[in-house]
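Structure record follows, encoded as structure tokens.
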Amino acid sequence: MSEFRKASRINAIEVSEILQIGARAAALKAQGRPVIVLGAGEPDFDTPDAIKQAAVEAIWSGETKYTALGGTPALKQAISKKFQRDHGLVYTPDEIIVSTGAKQVLYNAFMASLEPGDEVIVPAPYWTSYVDIIALAGGRPVPVPCGAETGFRMTADQLAQALTPRTRWVLFNSPSNPSGAAYLAADYAPLLEVLLQLPDVWVMADDMYEHITYAGFEFATPAAVEPRLRSRCLTINGVSKAYAMTGWRIGYAGGPAALIKAMAVIQGQSTSCASSVSQAAAVAALNGSQEILDQRRASFQARRDLVVEGLNAIDGISCPRPEGAFYTFASCAGVLGRQTLQGRTLETDADFCAYVLEHYDVAMVPGRAFGLSPYFRISYATSEAELREALARLAQAVEQLR
Ligand code: PLP
């Protein structure tokens, strides 16, 4: 019997630490342990009824066939309206692509643009998929550590230092998974000023969490902040997080027609088009009442405050208040070096998270998985009752250290 030989391109990709922690948490649960998993990357709400209804109607009216590769005319029109409504950005249908999730948008973009060894500047902490997709596409991720001291935002100096003649893209994700930090227009401006001087460097903005920002935060996106960069900007968004539609798998982007066309070539040989039924649902999401976004934002904000206050009350933990998304990214620097009751010294954020999971049944993801230590990510897209219980266990876990 011959053994399976995997392609070498996979070697660049490690098994995700998030998946490993999820598997460990599931194993503990299967043993009957009351594990609380604070790892979810999706809202705990259901998709709104009006969106579901639009999908049902699409099924019964026969929208069950392949669609145009880059998206249905109706969805492209809804996306075009959305970009104009929210940012005054004008994208024509040939400047828009619809994909199977924003993840596929990213995959298309990097596959369509990177030559071997091309560099992509990725501020850390980053969503782990970025570096893996860049590596799969043959590129080189260049992480730039951006800690709590700069609000998890990259500064113009940091950017200038990371740029090389091989830099092809600078990737922004605001609000960020995992830090929840977001860039105001004034935060972007000096960075975009640097990039204006470099015509070969393109800007990718992952605005996936645009609609989840708090307390009047003014969301901004690079193509609108600096219109002179629009011709080399890819603005990525989707319906997954805003409308609780992670399972529908619809993401989209606006950008220069030549880039969008190249991305469509990649998509044409992987999934063709996104699901016809999901596209109809996304039209309803983007064209329908946006009131639901405010209700959900308020609910997330209350939970953010609960978690930030709970974490900061623990000696050794410090957590900045995130501007958006549904994650906190707290420092555990103050507990490192302490010893557990079992006699183990906690040396890294991964040690800390493993200790809390094994002895206090709370699953969190160490900053290491997102390229920045010593921190840990909590997703608060779960019930307040569960969050309170998790915070109590975390406080107890830290109290027991010496
Ligand atoms: N971008 C960020 C920052 C995310 O956190 C995620 C999902 O976790 C995505 C993109 C992908 O979203 P989608 O469900 O549209 O593929």
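In listed order, ligands and their atoms are each counted from 1.
Looking at ligand 1, you'll find an N or O of Asn177 within less than 3.5 Å of one of its N or O atoms. Looking at ligand 1, you'll find an N or O of Ala102 within less than 3.5 Å of one of its N or O atoms. Any N or O atom pair closer than 3.5 Å counts here, and Thr100 shares no such pair with ligand 1. The N/O atoms of Ser240, backbone and side chain alike, include one that comes under 3.5 Å of an N/O atom in ligand 1. Considering backbone and side-chain atoms alike, Thr246 places every N or O at 3.5 Å or more from each N or O of ligand 1.
Salt-bridge formation is not detected for the pair Arg140/Asp118: no Lys NZ or Arg NE/NH1/NH2 atom is positioned less than 4.0 Å from an Asp or Glu carboxylate oxygen. The existence of a salt bridge linking Glu384 and Arg303 is excluded, since no basic side-chain nitrogen approaches an acidic carboxylate oxygen closer than 4.0 Å.
From Gln342, atom CD reaches atom NE2 of His359 across 3.5 Å, with rounding to the nearest 0.5 Å. We find the CZ-NZ distance between Arg24 and Lys29 to be 14.0 Å, quoted to the nearest 0.5 Å.
At the shortest separation from atom 12 (O) of ligand 1 among protein heavy atoms lies Met208 CE, 3.5 Å. Nearest to atom 1 (N) of ligand 1 among the protein's heavy atoms is Asp206 OD2, 2.6 Å.
For atom 4 (C) of ligand 1, the candidate residues are Tyr107, Trp127, Phe326; the nearest heavy-atom contact is made by Trp127.
Ser176 and Tyr126 form no side-chain donor-acceptor contact under 3.5 Å, judged by distance and modelled atom types alone. A side-chain donor from one of Trp248 and Thr47 sits under 3.5 Å from a side-chain acceptor of the other.
Contact annotation: Arg249 has at least one heavy atom less than 4.0 Å from an atom of ligand 1. The closest approach between any non-hydrogen atom of Gly101 and ligand 1 is below 4.0 Å. The closest approach between a heavy atom of Lys241 and any atom of ligand 1 is below 4.0 Å. In this structure, Tyr252 falls outside the shell of residues with a heavy atom less than 4.0 angstrom from ligand 1.
Here is the list of ligand 1 atoms found below 4.0 Å of a heavy atom in Tyr130: 3 (C). Those atoms of ligand 1 that come under 4.0 Å of a heavy atom in Asn173, given as number and element, are 3 (C).
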Derivation of the ring-ring contact (aromatic ring centres under 6.0 Å, His included) call for Tyr327 and Tyr380:
CA-CA 6 Å; Tyr327 310 102; Tyr380 51 84; 7.5 Å; no
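Contact of the Asp206 side chain with the Tyr130 side chain is registered, since non-hydrogen atoms from C-beta on lie closer than 4.5 Å.
Taking the six-membered ring for Trp and thresholds of 30 and 60 degrees, Phe172 and Tyr188 have ring planes more than 60 degrees apart, a perpendicular arrangement.
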